[in-house]
Amino acid sequence: SGEGYSINQIFDFIIKNHPGAEIEYRPSRKYDIQRIILDTTKLNSIDKFTFTNVREGISLTYQGCLANQTKEKGETH
């Protein structure tokens, strides 16, 4: 998206939208990437994509995980 978010910002999005989520902090490792912002210019030059913003993407991912857990347990609604 060309926008960067810290891990704490991502956690904040998760907690605000999914209050039951638990975050466990651990020390960073030597190989953890400290910062990355992806440039989508080249991707957009190939085809025009509609990007999902990070808040919506987190919510959709969370809902998908819940749906998969329900399916794996054989529950139906």
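- The backbone N or O of Glu56 sits nowhere less than 3.5 Å from a side-chain atom of Ser59 that would complete a donor-acceptor pair.
- Tyr25 and Ile15 fall within the same hydrophobic cluster, defined by Ile, Leu, Val, Met, Phe, Trp and Tyr side-chain heavy atoms under 4.5 Å apart, directly or through other members.
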Do Asn17 and Tyr62 pass the side chain to side chain contact (heavy atoms under 4.5 Å, CB included) test, and can you show the C-alpha distance, the side-chain angles, and the key distance before you say yes or no?
CA-CA 10 Å; Asn17 292 299; Tyr62 185 81; over 6 Å; no
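- Considering CG of Asn53 and OH of Tyr5, their distance stands at 7.0 Å, rounded to 0.5 Å.
- Every residue meeting the side-chain contact (heavy atoms from CB on, under 4.5 Å) condition with Ser6, not counting sequence neighbours, appears here in chain and number order: Asn8, Gln9.
- Interatomic distance, CG of Leu66 versus OG1 of Thr61, reported as 11.0 Å (0.5 Å rounding).
- Here the CD atom belonging to Glu22 is positioned 9.0 Å from the CD atom belonging to Glu24, to the nearest 0.5 angstrom.
- Atom CZ of Arg55 and atom CD1 of Ile14 lie 12.0 Å apart (nearest 0.5 Å).
- Here the straight-line distance linking atom CD1 of Ile23 with atom CZ of Phe11 works out to 5.0 Å at 0.5 Å rounding.
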